[in-house]
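I have placed the structure first, in the form of structure tokens, so that the comments after it can refer back to it.
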Amino acid sequence: MTAGYDPHAFEPFAVTVDLAVFTVRAGALHVLLIRRGQEPYAGTWALPGGFVLPRESAETAARRELAEETGLAPGVVAALHLEQLRTYSDPDRDPRMRVVSVAFTALVPDMPEPAAGGGGDADRARWVPVGEAAAPGADPDPDPDPGSGSGPDPGVGSGLAFDHAVILADARERVGSKLEYTCLASAFCPPEFTLGELQAVYETVWDTALDRPNFRRKVLATPGFVEAVPGAARLTGGRGKPAALYRPGPATTLHPPLLRPSEGPTR
């Protein structure tokens with residue numbers, strides 16, 4: 001210990017991690033939630049997360065907690081590109097003690113189902129449409145397992161636990177921004193896709209209707225974003241000619257960025 005330093009002169013506090021992991025399922029943006037099996041907020045839905053152990057980094061703790069609470073395979077968790085979102089340090093954010101949380105977020109395609117029973121201090125885990133998770137007082141699981149003995153869900157009417165509604169809103173803004181300057185959206189499309197399918201990904205994540213001709217013009221003018229598949233086309237259900245097919249190009253970032261409309265109709 002450094003001479004002259006007294007660690008007892010400072011009030012101890014804990015450090016936790018919280019994760020906002022998003023994917024697109026059935027044409028809607030989903031976030032991974034767990035239902036807490038312990039107090040505080042027992043029975044309430046929350047983002048996965050937990051306490052950082054004395055000898056681990058915040059990112060290591062994030063991956064450990066995600067695997068423990070959701071049952072996702074270690075290989076799936078290890079492959080996630082977690083991006084540090086920000087630190088949440090309101091003195092009263094946790095009723096147990098002073099707790100500072102480091103939040104992480106990720107937007108990833110092809111995510112598997114979590115273990116239904118959860119793990120750690122979670123008794124359930126599932127993908128939830130972001131609109132349901134973000135709604136005040138929403139209960140993403142209104143029909144609890146009748147065999148669990150939990151009875152009516154105590155989380156009904158209370159929203160997400162802790163300050164997780166704030167974290168969720170911040171994380172959604174971050175992943176929306178990520179689509180502005182990276183080529184991530186194409187990862188949510190089939191290997192060969194129409195520009196309409198690519199546009200649907202942007203509209204889903206941004207929750208904004210986009211002008212089709214303007215979107216097409218911007219995508220095709222961005223070097224390396226997409227490449228045309230020679231001679232390939234797909235009927236899209238309309239009465240017009242089949243739509244041209246594209247595949248992801250070599251670029252990983254967008255220059256210029258594909259910016260969200262500052263104002264526009266939501267879907």
Side-chain angles (χ1 to χ4, degrees), residues 1-22 31-72 74 77-78 80-107 114-115 118-126 128 130 133-134 136-138 140 150 153-175 177-178:
M1 184 171 63
T2 304
Y5 171 70
D6 179 10
H8 301 290
F10 302 92
E11 184 177 346
F13 64 91
V15 178
T16 60
V17 289
D18 291 301
L19 297 102
V21 180
F22 298 93
V31 64
L32 186 59
L33 296 183
I34 57 98
R35 192 173 66 180
R36 290 185 57 79
Q38 301 177 9
E39 294 292 351
Y41 299 105
T44 303
W45 288 86
L47 298 172
F51 288 93
V52 178
L53 299 179
R55 300 297 300 173
E56 69 179 352
S57 68
E59 182 168 338
T60 299
R63 295 184 189 279
R64 173 181 55 78
E65 286 287 346
L66 186 61
E68 289 178 0
E69 293 191 339
T70 66
L72 291 174
V77 173
L80 285 180
H81 175 67
L82 296 179
E83 184 174 327
Q84 192 170 130
L85 178 62
R86 57 169 290 189
T87 300
Y88 295 82
S89 58
D90 186 280
D92 300 317
R93 62 176 303 275
D94 192 308
R96 293 168 290 191
M97 63 180 295
R98 179 73 193 274
V99 175
V100 173
S101 183
V102 181
F104 292 84
T105 189
L107 176 62
D121 62 0
D123 68 11
R124 185 161 299 189
R126 60 170 290 196
V128 177
V130 167
S150 61
D153 191 335
V156 175
S158 62
L160 297 180
F162 305 104
D163 54 356
H164 289 185
V166 175
I167 298 175
L168 176 59
D170 290 346
R172 180 169 189 179
E173 176 61 27
R174 172 68 65 85
V175 299
S177 297
K178 199 171 184 68

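What's counted below: heavy atoms across the whole structure, side chains too, no hydrogens, waters or symmetry copies. In what follows, residues are counted from 1 in the order of the sequence shown. Just so we're clear, the structure is a prediction, and the values are computed from it rather than from any experiment.
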- Message: Please enumerate all residues that pass salt bridge (charged side-chain N to carboxylate O under 4.0 Å, His left out) together with R86, with sequence neighbours excluded.
- Response: D170
- Answer yes or no: is there a side-chain heavy-atom contact under 4.5 Å between F22 and K178? no
- Atom pair OG1 (T44) and CD (E39), whose distance is rounded to the nearest 0.5 Å: 8.0 Å
- To the nearest 0.5 angstrom, please state how far the CG atom of L33 sits from the CG atom of L47. 6.0 Å
- Could you check L66 against L80 for side-chain contact (heavy atoms from CB on, under 4.5 Å), going step by step and ending with a plain yes or no? CA-CA 11 Å; L66 186 61; L80 285 180; 3.4 Å; yes
- Item | Close side-chain approach of L72 and L32, heavy atoms under 4.5 Å | yes
- Message: Under the rule for salt bridge (charged side-chain N to carboxylate O under 4.0 Å, His left out), what residues qualify as partners of R96, not counting sequence neighbours?
- Response: D94
- Between CG of D163 and CG of D18, what distance do you get to the nearest 0.5 Å? 7.0 Å
- Message: Using 0.5 Å steps for rounding, measure from the CG atom of L19 to the CZ atom of R63.
- Response: 9.0 Å
- Any sub-3.5 Å donor-acceptor pair from E69's side-chain atoms to G49's backbone N or O? yes
- Query: Hey, what do you get for OG (S101) to CD1 (I167), rounding to the nearest 0.5 Å?
  - Reply: 5.0 Å
- Task: Quick one: closest heavy-atom pair of I34 and A125, and the distance?
- Result: CG2-CB, 3.9 Å
- Query: Between the main-chain N or O of L85 and the side-chain N or O of R174, is there a donor-acceptor pair closer than 3.5 Å?
  - Reply: yes
- Item | Whether T105 side chain and A20 backbone form a donor-acceptor pair below 3.5 Å | yes
- Qualifying residues under salt bridge (charged side-chain N to carboxylate O under 4.0 Å, His left out), relative to R64, sequence neighbours excluded: E56, E68
- Could you grab the distance from atom CD of Q84 to atom CZ of F104, nearest 0.5 Å is fine? 4.5 Å
- Note on the structure: Minimal heavy-atom distance between R93 and Y88, with the atoms involved, is CD-O, 3.5 Å
